[in-house]
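A note on names: the letters A, B, ... follow the listed sequences, proteins ahead of strands, and every chain is numbered from 1. The figures here come from the full heavy-atom set of this structure, side chains too, leaving out hydrogens, waters and symmetry mates.
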Amino acid sequence: MKIGVTKFPGTNNEQDVLRALSSFGVEGVLIYEKDADKLKDLNALIIAGGFSFGDYLRPGVIAAKTAIMQELPKFVEQGNFVIGICNGFQILCETGILPGVLTTNRSTKFVSRWVYVKINKSNSVLLRNSENKIWRIPIAHFDGNYYATNSQIIELKKKNQIALQYCDEKGVISEDSNPNGSVDNIAGITNKEGNVLGLMPHPERASFNYLGSEDGRTIFQNLIEELK
Amino acid sequence: MISNEEYSKLIQELGREPNFAELNVIGAMWSEHISYKSSKRWFSLFKTTAPYLALGIGEGAGLIDIGDDLLIGLGLESHNHPSAIEPFQGAATGVGGIIRDIISQGCKPIALLDSIRFGNLTSDHSKNLFENVVRGISSYGNCVGIPTVGGEAEFDPVFENNCLVNAMCIGVVKKDKVVRSIASTPGHFFLLYGARTGRDGIHGVSFASKDLDDKSESDRPAVQIGDPLMEKALIDATLELVEKGLLSGLQDLGGGGLSCAISEMTEKGNTGALIRLEDVPLREYDMKPWEILISESQERMLAVVSPKNIAAVEEVLKKYDLLTYSIIGEVTNNSHYIAFYNGEKIIDLPVDLIINGFPEPEREFSIPDYIRSKKEYTIPNQGNIKDEILKIFESPNVGSKEWIYEQYDQHVQTQTVIQAGADAAVLRLDNGKYIALTLDSNSFAVYCSPYTGTANVAAEAQRNIVAVGAKPYAVVDCLNFGNPEKPDSYWQFVESIKGLGRFSNDFKLPVIGGNVSLYNETVNKEGKRERINPTPTIGIIGVFDSPDDLLANNFVNQESKIIQIGKTGKELGGSEYLRYCFNCIMSDVPTYDEKREKKSIEAITQLNKQKLIESCHDISNGGFIVALGEMMFKNKIGAKINLENIPSDEGVETRHKLFSETSSRFIIEVSNEKLKQVVNLLETIGVDYGVVGHTTKEPVLEIENLVSIDIEQLHSNWKNAIVKYME
């Protein structure tokens, strides 16, 4: 099993993702922006968070134009798994692999806090055995305000693609538990086929007991089991 | 620019007139900001040794050895003047600067803390500075992927025109990978890498070494511009060079630019330098040689590389597309800093003259009028106690700082065990060791009595470390003061540094690094002199013997006993209570008593080792009542308190018990079953203590025969203390 973790200039969560994978005994490999030819050797790609290319111009937009990202649609079509975390989610939206956009938080401020998310019935095995679970997990972003048109949202709902929604401790989804203004409190979505997951919260930051939560491990665990 | 006296000395030493470029180099290097000419003479008062000390004051980071062949690097720096003029870039580049200080020793930066001070939030000017300083720190720190895990903020009109921005950075490095900021071997190359050199930050250090005035706005070009993406590449590249052991010396380019880095590294190595300025990669093609010499463009590092390693170094740097690099000269053995530009000699100065040649200025000090004419303040006992309690919780100095730290990425690098908002932040390092970090000050107590106040600020920072269960290891300081040429301002500085010296010797805690920022004074538009409160910011790092020692700072159980450790004094001077509720500061300030402090720390440490404490919080800003409230908020656990049982000095009244900021005190939560054991231990240690009440299921703060307040009401005041001004 070979899982790649992207490292663009300005990516800064790649070591954290590697650490989470490593706790399952899986050593991920770093994939740089020019490494398009290495995609074919991978079974999965995790697009780690951070500030690829400084978030200059717009988060994710420059990364979306790199060689590796240009090759990504093919990789996805072949049924390989792709997980985009935070900046990775932004990049996936910029490439068009996932619908919608992530725009500036309603507060116009960066927000770093522990939130709760509700896991919905999902079309993705990456969220297997998690339906209706409530996870405690950190977010850290300036542009996490998910927006899509009404018809896109209806499509997403139809195919169980709305994977995670911000909620409170008890699982209630409301404006009060929406940290950034996302439509329908959307924190993460999947593609139609369920092999691509993009999410703003950081599962790798909720993967060890000493960090205050292990809820995020599920995603890595499901991925690894699926690739076994 | 340099004084007449300095100019005469320069001519005398050189035996000729300096040229324009040389004058600029000397102007930067003999500035207060770089030369520490008013402050260095006092550093001998600090404790500077410890068995675990690996590198003390003098380079980018101080280093301590925490075992397992791992060293921790610490640095703390101010960026006050730039932030007052251009808050976003000023604060951002302050963060960038301290990070580069840390990587100069080969450390991987793992955490940031920030201490910031502004005028009242009712002032639009201060609000704007505050908002943009936080944004600047957030933008830069988040982007480079270093968590900001703590710090502090204070608001008072004395900071209206002189805001303070201090940034602390912590890093780790394997013992055998440490790099020093030294150029010791003639024949080695100077290799400059990172961003290109531009015109930003010209005369930055000179700007930082004078009072701000109404013309300071024209110094805007002296403020540097930050590029965090470049910094991130710089960090990654540097760590790779360090890991491969390719560098024989490394220093960041901060204040004074190339002038400073080259002269400091050669001075330490007893060498000289031959530099070719035309080989410096430029951002603006028409820069003058003297501008290249003193530009403070950000995100640049200067490495010393042996000829055999140069190819390997270039191999690494080539991978980082964003970075430029260039060999700009060699280390020589003639102890002169010589720079050419296309064959023309631009400067030729003895290194020793640049670093040590300034005439040490006479500095006078005299007790300020406000101290001389100090009167005791009698507390007005007529007020409504409930109103006073509710009011103090809504002071921005007491209230929640969440509005600030939620803008900082606190969890990147996945090591953050306790984030901002507790007594100290706690990180778990890769080797499984836990460390605690705090950054603290209290400018009001220091204003009332610089000596005692400073010793107490450091003692409080130490209590922060103890209150999370760690053992204090080392201190870094940032001394923010007024104009040292004014005797009353200099008196504050000298007293304060003596206070810190006393503390560091009393507790055998080495001061391993820091920074001095003077000239934080302004003459305002009405011609009135405005000076900041003297503010020594103290950072302390603690190390846990075991992760099991980690202590909560908030109540965890209902029906536990609440104990105050340490005795309350009749000491409201400098307290937030007097300042915020009565607009008065001066009165008797808390004494500094190292014996009491040691007893209290011993009590907490021993109780914790024997697993007898449920939670613990130190008493500081706002006094007992604020500490109690902060313990209740997280789990909404109430408390019933009998003030009769608060251990007190003679003459202590209700308001002292509630609001005094007497040093050496903690509140602890103890389960009923363990009470007897706890009391026995406290008696054995001989520390002052009192069982002052118990926690309750009902979410109410009740002080018997005095007042009862819903936690929700108290919490709402506390939570909105800053938010209500900002949104």
Side-chain angles (χ1 to χ4, degrees), chain A residues 7-20 22-23 30 32-34 48-57 59 62 66 85-87 105-115 137-143 179-180 201-213 216, chain B residues 108-110 131 134-149 226-237 239 319-323 402-421 426-430 432 434 547 550 723 726-727:
Chain A
K7 164 83 176 158
F8 297 106
T11 297
N12 58 33
N13 296 173
E14 78 285 356
Q15 295 301 330
D16 303 349
V17 173
L18 290 176
R19 184 187 308 217
S22 165
S23 71
L30 285 183
Y32 294 85
E33 71 271 22
K34 292 172 194 153
F51 292 71
S52 59
F53 298 92
D55 273 5
Y56 295 163
L57 193 56
I62 304 177
T66 55
I85 302 166
C86 196
N87 194 222
N105 296 342
R106 190 172 41 187
S107 64
T108 71
K109 288 182 183 63
F110 191 96
V111 59
S112 162
R113 76 168 72 131
W114 284 91
V115 297
I137 191 165
I139 54 169
H141 55 246
F142 197 91
D143 299 88
N180 51 28
H202 286 273
E204 77 281 12
R205 299 182 185 188
S207 284
F208 298 96
N209 206 18
Y210 55 80
L211 297 176
S213 168
Chain B
K108 175 191 177 198
I110 59 165
E131 168 123 33
V134 172
R135 223 176 246 277
I137 294 170
S138 154
S139 140
Y140 205 99
N142 297 352
C143 190
V144 294
I146 304 169
T148 300
V149 295
D227 178 352
L229 177 61
M230 183 69 82
E231 180 100 343
K232 175 65 179 150
L234 195 69
I235 296 169
D236 290 349
L239 294 178
K319 283 199 304 193
Y320 295 87
D321 272 355
L322 288 166
L323 307 178
E402 196 176 77
W403 185 89
I404 304 171
Y405 61 70
E406 276 207 337
Q407 296 187 51
Y408 304 149
D409 188 339
Q410 302 177 59
H411 308 115
V412 62
Q413 296 196 23
T414 49
Q415 299 187 321
T416 311
V417 173
I418 295 186
Q419 64 181 56
V426 177
L427 300 183
R428 178 193 181 276
L429 305 181
D430 273 343
Y434 281 45
L550 188 62
V723 180
M726 305 309 293
E727 276 163 12

Give, as side chain, backbone, both or neither, the part of [X] having an atom under 4.5 angstrom from any heavy atom of chain A.
X	result
B:Tyr320	neither
B:Gln419	side chain
B:Asn142	both
B:Asp321	side chain
B:Glu131	side chain
B:Val144	backbone

With side chains defined as the heavy atoms from C-beta onward, is the minimum distance between [X] and [Y] less than 4.5 Å?
X	Y	value
A:Asp16	B:His411	no
A:Asn13	B:Val412	yes
B:Asp409	A:Arg205	yes

Gap between atom [atom2] of [Y] and atom [atom1] of [X] - 0.5 Å precision:
X	Y	atom1	atom2	value
A:Tyr210	B:Thr416	OH	OG1	10.5 Å
A:Phe8	B:Lys232	CZ	NZ	14.5 Å
A:Phe142	B:Ser139	CZ	OG	8.5 Å
B:Met726	A:Ser107	CE	OG	12.5 Å
A:Tyr56	B:Asp227	OH	CG	3.5 Å

**OP:** Provide the closest heavy-atom pair for B:Cys143 versus A:Gly54 in the form atom of the first, atom of the second, distance.
**Re:**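 Closest approach of B:Cys143 to A:Gly54, heavy atoms only: SG-CA, 4.2 Å.
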Original post:
What pair of heavy atoms forms the shortest contact from B:Asp236 to A:Lys7, and how long is it?
Top reply: OD2-NZ, 2.8 Å
Side chain, backbone, both or neither of [X] within contact of chain B (heavy atoms, under 4.5 Å):
X	value
A:Phe208	neither
A:Thr11	backbone
A:Thr108	both

Subject >> Choice from B:Glu402, B:Arg428, B:Gln410, B:Glu727 maximising heavy atom contacts with chain A below 4.5 Å >> reply: B:Arg428
Subject >> For chain A, the option from B:Ile235, B:Val426, B:Leu550, B:Asp430 that forms the most heavy-atom pairs under 4.5 Å >> reply: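 When all of B:Ile235, B:Val426, B:Leu550, B:Asp430 are compared, B:Asp430 has the most.
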Original post:
Would you find more than 12 non-hydrogen atoms of other residues, nucleotides or ligands less than 6.0 Å from B:Lys319 atom NZ?
Top reply: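 Counting neighbours around NZ of B:Lys319, more than 12 heavy atoms of other residues, nucleotides or ligands fall under 6.0 Å, so yes.
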Subject >> Partner chain B: residue of A:His141, A:Arg113, A:Lys109 with the largest heavy-atom pair count (under 4.5 Å) >> reply: A:Lys109
